[in-house]
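First the structure, in the form of structure tokens, and then the observations on it.
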Protein chains: 2
Amino acid sequence: MQIGDLSRHAGVNIETIRYYERAGVLPVPARQGNGRRIYGEADVRRLGFIRHARDLGFDLQSVRTLLALQEQPEASCTDASRIAQAQLDEVERRLAQLQSLRAELSRMVAECRKGVVAECRVIEALNTSPF
Amino acid sequence: MQIGDLSRHAGVNIETIRYYERAGVLPVPARQGNGRRIYGEADVRRLGFIRHARDLGFDLQSVRTLLALQEQPEASCTDASRIAQAQLDEVERRLAQLQSLRAELSRMVAECRKGVVAECRVIEALNTSPF
DNA sequence: GCTTGCTCCTGTAGTGACTACAGGTTGTAG
DNA sequence: CTACAACCTGTAGTCACTACAGGAGCAAGC
């Protein structure tokens, strides 16, 4: 399998695959005689893992840690849990803020529809910290 | 108030403040005789707004739009409503996305028995395609 | 055997939103 | 007068890509 096939299988841009290699999250692959990269099924799975983690908002450093953990099945998984918990906390923080922004925006839209002069409180809504 | 005070009041890096000026989300401030930037209370509020919007994941272009919305004269209510509605749609989209992230992350964390990596649900979840 | 066109290669540069630093000026306290 | 903090401009680095230039390999059709 060469890079184009891997790209199609994993749904990841070719340039991104080469970037992941440079970034050290994908192993340096073997080459064909003509210099082209050769990949296998393991690379498709690893790339899927990386994309999934990235989609969940983990940065590449966290991905490296998670991948390293995956390769030590006997190690404790407290590290993995801690990384995931930190990510969850961050997502929940953003959810709370977005919910208050949604309330403010929909209030504005509703007031405009009624023809009432909307007193815009977007700044206040965003300045009212949820902490 | 000069840039260092604004930085402390708003909790935003000095370099970032100058960057926001270049990016056109903070107005070009007046200068003292010695060339130093002068800010007022309005800048503190505006900066707070920008930071919160950025924390919610809006890019600087959206921030510009939100700021423009905030500064809409009361006359152009239909216009303001249209902009607010567009931002509201975007917020709803982000909310839905974050909610599914939270669901997956919290399931991962909840099912992690803090044992060994071999049985770790966090790692396993990442290996399982979300589709 | 030659051309066309696809896929691949390397290397560099651009993106957005910062962040850091170099090298210089101004203001203030001891 | 000296030390040092705070400011100035301008440039370069960061992250996670993404795009592109310029070249090589290969397969199919003429």
Side-chain angles (χ1 to χ4, degrees), chain A residues 1-40 43-44 46-67 83 86-87 90 94 97 126, chain B residues 1-40 43-44 46-67 90 94 97 101 126:
Chain A
M1 183 164 43
Q2 52 184 43
I3 201 165
D5 306 304
L6 177 60
S7 171
R8 276 182 293 276
H9 271 86
V12 175
N13 206 319
I14 288 181
E15 321 264 29
T16 306
I17 292 171
R18 287 195 283 247
Y19 169 74
Y20 283 165
E21 182 185 326
R22 286 199 302 283
V25 288
L26 273 185
V28 174
R31 302 280 182 140
Q32 286 171 341
N34 53 23
R36 298 189 176 187
R37 291 167 176 83
I38 314 168
Y39 296 101
D43 296 298
V44 180
R46 195 177 175 105
L47 201 43
F49 181 100
I50 296 166
R51 283 314 316 166
H52 196 171
R54 290 285 304 125
D55 287 346
L56 288 171
F58 295 103
D59 62 16
L60 284 185
Q61 186 47 60
S62 297
V63 173
R64 268 187 284 266
T65 306
L66 290 167
L67 282 166
I83 291 170
Q87 191 58 32
E90 178 61 20
R94 284 186 194 174
Q97 291 205 317
L126 287 164
Chain B
M1 181 163 46
Q2 51 186 43
I3 202 165
D5 306 304
L6 177 60
S7 171
R8 277 181 294 278
H9 272 86
V12 174
N13 208 319
I14 288 180
E15 321 265 28
T16 306
I17 294 171
R18 287 195 282 248
Y19 169 74
Y20 283 164
E21 183 185 327
R22 286 198 302 282
V25 289
L26 274 184
V28 174
R31 302 279 184 141
Q32 287 173 340
N34 52 24
R36 298 189 177 187
R37 291 166 177 84
I38 315 168
Y39 297 100
D43 297 298
V44 179
R46 195 177 175 105
L47 202 42
F49 168 84
I50 295 166
R51 281 316 313 163
H52 281 280
R54 289 285 306 124
D55 286 347
L56 292 174
F58 292 102
D59 61 17
L60 284 185
Q61 186 47 59
S62 297
V63 172
R64 271 187 281 265
T65 305
L66 285 165
L67 283 166
E90 175 63 16
R94 297 192 91 84
Q97 194 187 334
L101 287 193
L126 287 168

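These figures come from a predicted structure and were not determined experimentally. Quick note on labels: first sequence line is chain A, next is B, and so on, each numbered from 1.
Residue contacts for A:Arg51: at a heavy-atom cut-off of 4.0 Å it reaches the sugar-phosphate backbone alone, with no base atom in range.
For the pair B:Ile14 CD1 and C:dT19 P, the interatomic distance rounds to 13 Å; values are reported in whole Å. When rounded to the nearest whole Å, the span between CG of B:Leu47 and C1' of C:dC18 equals 13 Å. Between the C1' atom of C:dC9 and the OH atom of A:Tyr39 lies a distance of 12 Å, rounded to the nearest Å. We find that CG of B:Leu60 is positioned 4 Å from P of C:dA17, with the value rounded to whole Å. Atom pair B:Gln2:CD and C:dT25:P shows a separation of 18 Å (rounding to whole Å applied). Rounded to an integer number of Å, the gap from B:Phe58 CZ to C:dG16 C1' is 17 Å.
The pair A:Glu15-A:Arg18 meets the salt-bridge criterion, since a charged nitrogen lies less than 4.0 angstrom from a carboxylate oxygen.
Remark: A:Thr16 is in phosphate contact with D:dT18, judged by side-chain N or O atoms under 4.0 Å from OP1 or OP2. Note on A:Arg54: a side-chain N or O is less than 4.0 Å away from OP1 or OP2 of D:dC17.
Using modelled atom types and a 3.5 Å distance limit, the side chains of B:Tyr39 and B:Arg46 yield no donor-acceptor pair.
In this structure, A:Pro29 and A:Arg37 approach most closely via the heavy-atom pair CG-CG, 3.5 Å.
The listed nucleotides are D:dC8, D:dA19, C:dC18; the one nearest the side chain of B:Ile3 is D:dC8. Side-chain proximity of A:Glu15 to the nucleotides C:dC18, D:dA16, D:dT18 is greatest for D:dT18.
Listed by residue number, B:Tyr19, B:Tyr20, B:Asn34, B:Arg36 are the residues of residues 17-38 of chain B with a heavy-atom contact under 4.0 Å to DNA chain C.
The OG1 atom of B:Thr65 sits 10.5 Å away from atom CG of B:Leu60, with the distance rounded to the nearest 0.5 Å. Rounded to the nearest 0.5 Å, atoms CZ (A:Phe49) and CG (A:Leu26) are 12.0 Å apart.
Taking B:Glu90 as the reference, B:Arg93, B:Arg94 meet the side chain to side chain donor-acceptor pair (under 3.5 Å) condition, with sequence neighbours excluded.
Side chain of A:Gln87 to backbone of A:Leu56: a donor-acceptor contact under 3.5 angstrom is found.
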